[in-house]
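Just so you know, these numbers use all the heavy atoms, side chains as well, and skip hydrogens, waters and symmetry mates. Counting starts at 1 for both ligands and their atoms, in listed order.
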Amino acid sequence: MKIRTKIVLIFISVFVLLTISSGIFVSIFTTSSIRSQVYSYLYTNVESRAEHIRTFLNDEKTTGVVLAGASVYRDFLKESKTSSQYASIKEKINQRIKRTLDADSSIVKVFIIDKKGVIVASSNSLEEGKDYSNDVYFTEGKEHVYIKDMYMSPELQKVIYGISAPVLDDTGALLGISVVEYDPIDFYTIVKAVNGLGPTEESFLINKDKYFLTPSLFYGDSVILKMKNDTKNASDCFDPAQTQYVINSGYAKLRSVLGNKVFVESTDYRGVNIVGTHAYIPETGWCLITKLDKADVIQNSDTISLIFFLIFGGSFIVFAISLIFISRKATKPIQDLSEAMKSDRDEYFNIELSMDRKDEIGDLYRSFNKMIGSVKKSREEIEQKVAEQTQTIIEKQKDLEEQKNALINVLDDSKILVNDLAKFKLAVDNASDLILITDPDGIVLYANKAIEIITGFKEKDTIGKKAGTLWRLPMSKPFYEELWKTIKTEKRTYQGEIKNRKKNHEIYDSKISISPVLDENNEIKFFVGIQTDITHEKEIDRAKTEFVSLASHQLRTPLTSIKWYTEMLLSGDGGEMTPAQKNFVNEISDSNQRMVQLVNALLNVSRLDMGTFAVDPEPLDIVQVAEVVIREQEHSINGKSQKFTFTHSDNIPTISADKNLVRIILQNLLSNANKYTPKEGSITLSIEKIENDPKPHLLIQCIDTGCGIPEPQKNKIFQKLFRADNARTIDTEGTGLGLYIIKSILDETGGSVKFESAEGKGTTFTISIPLSGMPKKDGSKGLT
Ligand code: ADP
């Protein structure tokens, strides 16, 4: 059961219990207080009414006494009927009786009885002479003022009562009786007056025989002197103890003496349950009864109870609503907390209960939030750890999967490979070049028979070993990086020449070609390497180079002699020559000059090839070198009316470089541009400093609008002695060595050369020389 429901139920039970007990208490209390209130009212009512009646009767008694004391009464009664005065006195008395009648409308009859008991004067003259000697008017009236009980007047045909008083002479002797009879209508009025205790409240008078003297509320006038009210109320009223007390002390302390005995709870003349009280009227011996139906009393208390229960009902509703509202409000935080606890796990951790409250709930919230915080934190940590571990497991699983797939692939591949290899082996086993197949890590899977011939190692010695570790000389780091970059990263074939070492430690030159074999996902499956032993070719090459070098050297001396002798002839040292002779000698001189250049070039090439050339760097202003070279070439450029431009940025620094080598490079570039650019074409030479580069350098560009290089021959352009077809037509005397020399120099000194060309449009040669300069190299000779 919810706390809220519990609180509501407990409060409502307590409320109902309290209300029922207080209701019972209230009802008992109200009933008894209403009863005592009713009693009080009844009693006060009866007492005051009785007093009223008594006063009224005493007033009437007084009237009787006053009348009886009137001198005219005395005179009349003293006078004898026979006296002469009698008639006038009689007249006077009649007048007086009439006045008395007229004075009070409730007086119905006035008459006088003489001392023998005979009516001697009356307002009803017919009654004169009537004997009343046995009547209580007479018998009692002789002695004192007497009130005669009500009776039915046969004469008036209505209930009346009367007061008789003795008429005495001066000595106190009885002369007669004065009687005044009244209509009791005024009693009815006094008695009937109600106090609003209830609709059944009534008061009435009874005489000592318990007959009604005044009308009953329920039966009206018919009960008067006809019906007895023989009830407990009546008998209590006539109880001698009570009557005696009233006679002696009046009503004043009656209630305090008799207590609730003055009240009666009994049945009335109708047999209905009543609550009543009474008052004895000593003057007449009557009893005044006032009563109320018990139902009226209960109804009064019922009304109060009803009001009480209405108030209770109202307050219960208000209380219940307030209780529900308050309990809801009071238990809301707990409910929130409980909802929070019940909510979805993830939401649950996101719950933040209001911390603003300053009460215990606030403390609870704060503790809860703190607890949630630490649970959340440890959960996050656990989740993170689980995630990490899951990730590791996933990765491991992935690895395993990959390994498995790889294994399957390898197995598959190896199956295929076994087949393929069989065919492959058959095809390549006996090839003269060394053919190797390695896995992506370079482990030898296959080597053909040539391995033994070329390296001296047997095939079985190499399988499962890292390719080349057995025979290859240690590679330089840049070479190694370049090799692996090409085959592994760029997945291209690498071609180059390296020096290897045979099993017997003999060094040999080899040309290698290593190609990656890719699978369908472009992943490397194998490397296929082909190695050709080029030691022999290299030796021939070297011999050629040496021969060229030797021949060039040998040629230089006669060429120099020819140069000098032709100079001498031309300058007339040999005597005056005819113009024809001069022409011939000029031809000899030009040819000799070209020969010198060719021999120089060949010498340079042989020095470069043999590695015997020296690099002698010095702080060099390349712009200056360029300007010198330009001046040398100016004649030829102008001869072809070519537009020449030289630009360079201002910040060209002095770099450490071999002046001669730079000059050779620039000379070759410019002379080529001049040669292969038609008349009036344009040539631009520019020098720039490029700092924003991993390798800061000087950038030298030679741009021409010449014949360009045919696309199919571009890849051969740096080869020794190579000349493009179009170049051969344009210039028949070229050597095909200039670009080879440029590239060799730059390769050796850390620079580079490249070109862009479009046939018939022009060529741009781009050279870069590192700002760090050329490294020094010792050699037997420099280049010329
Ligand atoms: P040579 O110029 O003596 O032939 P080089 O080695 O200097 O020898 O040049 C090799 C070849 O490169 C040339 O024969 C020519 O085909 C081509 N070449 C060089 N420079 C240019 C150029 N500026 N324009 C067109 N072709 C060129």
For the side-chain contact (heavy atoms from CB on, under 4.5 Å) test, which of V615, I655, D616 pairs with M774? V615
Could you verify whether a donor N or O on one side chain and an acceptor N or O on the other, from T535 and D509, lie under 3.5 Å apart? no
Here's one to test your reading of the geometry: is the NZ or CZ of K502 within 45 degrees of the ring axis of Y508 and under 6.0 Å from its centre? yes
Which heavy atom of S682 sits nearest a heavy atom of T677, and at what distance? N-CG2, 4.0 Å
Residue shell for ligand 1, any heavy atom closer than 4.0 Å, reads N672, A673, K675, Y676, D704, C707, G708, I709, I717, F722, R723, A724, A727, G734, T735, G736, L737, G738, L739, T763, F765
So N672 and L739, do their side chains get closer than 4.5 Å, heavy atoms only? yes
Using distance alone, with no hydrogens and no angle criterion, decide if Q713 and D725 have a side-chain donor and acceptor under 3.5 Å apart. yes
